[in-house]
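Only one structure is covered here, and it is reproduced in the block below.
Nothing fancy with the numbering, it's 1 onward along the sequence.
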Amino acid sequence: MDKVYENATVALRDVVADGQMIAVGGFGLCGMPEQLITALRDSGVKELTAVSNNAGVDGFGLGLLLQTRQIKKMISSYVGENKEFERQYLSGELELEFAPQGTLAERMRAGGAGIPGFYTKTGVGTVIAEGKEHKEFGGQTYILERGIVADLSLVKAWKADRAGNLVYRKTAQNFNPVVASCGKLTVAEVEEIVEVGELDPDRVDTPGIYVHRVVLNPNPEKRIEKKTVRN
C-alpha cells in the first residue's frame, strides 16, 4: 500500500475536525513535524486538545496554533519557552494538564499498546496525584495514570518507505515513536522517501502498521532553540 500523500494539506484534509485530541512529536524544536503543524493551523480546526512534550515557541511549532487560539487544552510536561502559552494559561484562556515527562511518554506508549492505565510512583505526594486513584504494591504507594489514545498523531521522521516504515535520526527520535503508536490515525512528515525494501528492517524504528499517511518535507527549517556562544 502506497501511503505517500502529495503534501501536508492534502494528508490532513479529510481527517481533522474540531474538538479532536492530537498528539504531536518533538522535544523543543527537535523532531517536530513543522509542515503538518502549519497545515493543521491552516485547516482552521479549533477546540483542540494537544498532547505534546512542550508547546513549541512563540511563532513556531505548536506556538502557531496557540497564536490562532485553536488549542483549548494542552497535556504537556514542559511549557517554559512560550510566552503566549504563559499568557493564555495565566489569564484562564487555556487549560493545562501537567504530566511528568516519563509519565507522559508511558501514557502514550500504553495507549498505543491497548493498555488503559498503569500505576507509577512518580508524582505521589504532589499535586500530580490529586484526584487520582492510589494503590499499594509491596508497601509502596502508586498512583493510577491513564493511557492516551489520540484521534490524530503527527510525527517527524528522517526516512520512510512508501509503506510507512519510519527511521528517525538521533535525538530527533525523542517522543515520536510513542506519538506514532498512540494515534487512531498517524501522519508522518519525513525528509526522504524510499521504495519498499530499501530500508534495512533492523533499522526501522516505527513499523508501517502504525503509520497511515506520509508526506515529504526535504528541507525542514532546523532552528536552534537556544544559542550560547563565548564572549
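- Side-chain atoms of Y119 and E133 form a donor-acceptor pair, as typed in the model, at a separation below 3.5 Å.
- Checked by atom type, the side-chain pair E145/T120 shows no donor-acceptor distance below 3.5 Å.
- Note that CG of D200 and CD of E198 are 12.5 Å apart. Values are rounded to the nearest 0.5 Å.
- One finds the OG1 atom of T126 at 5.0 Å from the CD1 atom of I128 (value rounded to the nearest 0.5 Å).
- One hydrophobic cluster holds both L62 and V45 under the rule that ILVMFWY side chains link at heavy-atom gaps under 4.5 Å.
- Side-chain atoms of N82 come within 3.5 Å of backbone atoms of A55 as a donor-acceptor pair (strictly under, hydrogens ignored).
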task = Test L94 against F85 for side chain to side chain contact (heavy atoms under 4.5 Å, CB included), laying out the working first.
result = CA-CA 8 Å; L94 180 69; F85 182 104; 3.5 Å; yes
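- Applying the side-chain contact (heavy atoms from CB on, under 4.5 Å) test between L36 and each of V187, V24, T9 identifies V187 as the sole match.
- The main-chain N or O of R41 is found under 3.5 Å from a side-chain atom of Q70 such that the two form a donor-acceptor pair.
- With respect to E86 and K83, no salt bridge is recorded, no charged nitrogen being found less than 4.0 Å from a carboxylate O.
- Hydrophobic clustering places I37 together with V10 (ILVMFWY residues linked when any side-chain heavy atoms are closer than 4.5 Å, directly or through intermediates).
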Side-chain donor-acceptor distances from residues 154-167 under 3.5 Å, at least two apart:
{"residue": "K156", "atom": "NZ", "partner": "E191", "partner atom": "OE2", "Å": "3.2"}
{"residue": "D161", "atom": "OD1", "partner": "A163", "partner atom": "N", "Å": "3.0"}
{"residue": "D161", "atom": "OD1", "partner": "G164", "partner atom": "N", "Å": "3.1"}
{"residue": "D161", "atom": "OD1", "partner": "N165", "partner atom": "N", "Å": "3.0"}
{"residue": "D161", "atom": "OD1", "partner": "N165", "partner atom": "ND2", "Å": "3.3"}
{"residue": "D161", "atom": "OD2", "partner": "N165", "partner atom": "ND2", "Å": "2.9"}
{"residue": "R162", "atom": "NE", "partner": "E195", "partner atom": "OE2", "Å": "3.3"}
{"residue": "R162", "atom": "NH1", "partner": "D2", "partner atom": "OD1", "Å": "3.3"}
{"residue": "R162", "atom": "NH1", "partner": "D2", "partner atom": "OD2", "Å": "3.0"}
{"residue": "N165", "atom": "OD1", "partner": "G208", "partner atom": "N", "Å": "2.7"}

Note to self: Checking T171 against C30 for the side chain to side chain contact (heavy atoms under 4.5 Å, CB included) test, could you report, in this order, the C-alpha distance in whole Å, the side-chain angles of both residues, the deciding distance, and whether it holds?
What the structure shows: CA-CA 8 Å; T171 57; C30 178; 3.8 Å; yes
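- Looking at T206, D205, N174 one by one, the single match for side-chain hydrogen bond (donor to acceptor under 3.5 Å, both in side chains) with Y168 turns out to be T206.
- You'll find the side chain of V179 stays beyond 4.5 Å of the side chain of P177, heavy atoms only.
- Between the CG atom in N7 and the CD atom in E189 there is a gap of 11.0 Å [rounded to 0.5 Å].
- Between the side chains of E136 and Q140, no donor-acceptor pair of N or O atoms lies under 3.5 Å.
- Listed for the H212 side chain is a donor-acceptor partner under 3.5 Å among the backbone atoms of T186.
- Taking the six-membered ring where the residue is Trp, F27 and F175 present parallel rings, their angle staying beneath 30° rather than reaching 60°.
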Assess the residue pair M21 and I148 against the criterion (side chain to side chain contact (heavy atoms under 4.5 Å, CB included)); give the C-alpha distance rounded to whole Å, side-chain angles, the decisive distance to 0.1 Å, and a yes or no. CA-CA 9 Å; M21 176 182 285; I148 290 174; 3.9 Å; yes
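- Counting only heavy atoms from C-beta outward, the side chains of V79 and F98 approach each other to under 4.5 Å.
- Residues K72 and E93 are not paired through a salt bridge, judged by the lack of any N-O separation under 4.0 Å between the basic side chain and the carboxylate.
- Atom NZ of K121 sits about 5.0 Å away from atom OH of Y142, to the nearest 0.5 Å.
- The two residues K132 and H134 make their nearest non-hydrogen contact at O-ND1, 2.8 Å.
- Using a cutoff of 4.0 Å between basic side-chain nitrogens and carboxylate oxygens, R223 and E34 are not scored as salt-bridged.
- One distance of note links CD1 of I193 with CG of L199; it measures 11.0 Å at 0.5 Å rounding.
- For I209, the CD1 atom counts as loosely surrounded, since its 6.0 Å shell holds 12 or fewer non-hydrogen atoms of other residues, nucleotides or ligands.
- No donor-acceptor pair under 3.5 Å is formed between the side chain of Q173 and the backbone N or O of K170.
- Note on D18 versus K46: salt bridge recorded, some NZ/NE/NH1/NH2 to OD/OE distance being below 4.0 Å.
- Cluster annotation: L12 is connected to I71 through the hydrophobic network of ILVMFWY side chains, with a link wherever side-chain heavy atoms come within less than 4.5 Å.
- Within 6.0 Å of OH on Y210 lie no more than 12 heavy atoms contributed by other residues, nucleotides or ligands.
- Nearest heavy atoms, M108 versus A23: SD-CB, 4.4 Å.
- S77 pairs by the side-chain contact (heavy atoms from CB on, under 4.5 Å) definition with N53, Q101, L104, not counting sequence neighbours.
- Taking each heavy atom of S76 and S52 in turn, the nearest pair found is OG-O, 2.9 Å.
- Residues Y89 and L48 share a single hydrophobic cluster, defined by chaining ILVMFWY side chains whose heavy atoms lie under 4.5 Å apart.
- Nearest heavy atom pair, residue V194 against residue E192, reads CG1-OE2, 3.7 Å.
- In this structure the side chain of K3 never reaches within 4.5 angstrom of the side chain of R213, judged on heavy atoms.
- Side-chain contact check for L152 versus V16: some heavy-atom pair is nearer than 4.5 Å.
- Taking CD of E221 as the reference point, atom CD of Q35 lies at 11.0 Å (rounded to 0.5 Å).
- Within a 6.0 Å sphere centred on CZ of R69, other residues, nucleotides and ligands contribute more than 12 heavy atoms.
- The closest donor-acceptor contact from the side chain of S153 to the backbone of A180 lies at 3.5 Å or more, if one exists at all.
- A salt bridge between R107 and E97 is present, with a side-chain N of the basic residue lying under 4.0 Å from a carboxylate O of the acidic one.
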Q.
If you apply the rule side chain to side chain contact (heavy atoms under 4.5 Å, CB included), what do you find for V215 with V4, and how did you get there?
A. CA-CA 6 Å; V215 296; V4 178; over 6 Å; no
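- With hydrogens and angles ignored, the 3.5 Å screen pairs a side-chain donor or acceptor of N54 with a backbone N or O of G28.
- Residues L64 and T38 form a side-chain contact, since some pair of their non-hydrogen atoms from C-beta on lies under 4.5 Å apart.
- Summarising the local packing, CZ of F60 is surrounded by more than 12 heavy atoms from other residues, nucleotides or ligands at distances under 6.0 Å.
- A continuous path of ILVMFWY side-chain contacts below 4.5 Å connects L185 to Y5, so both sit in one hydrophobic cluster.
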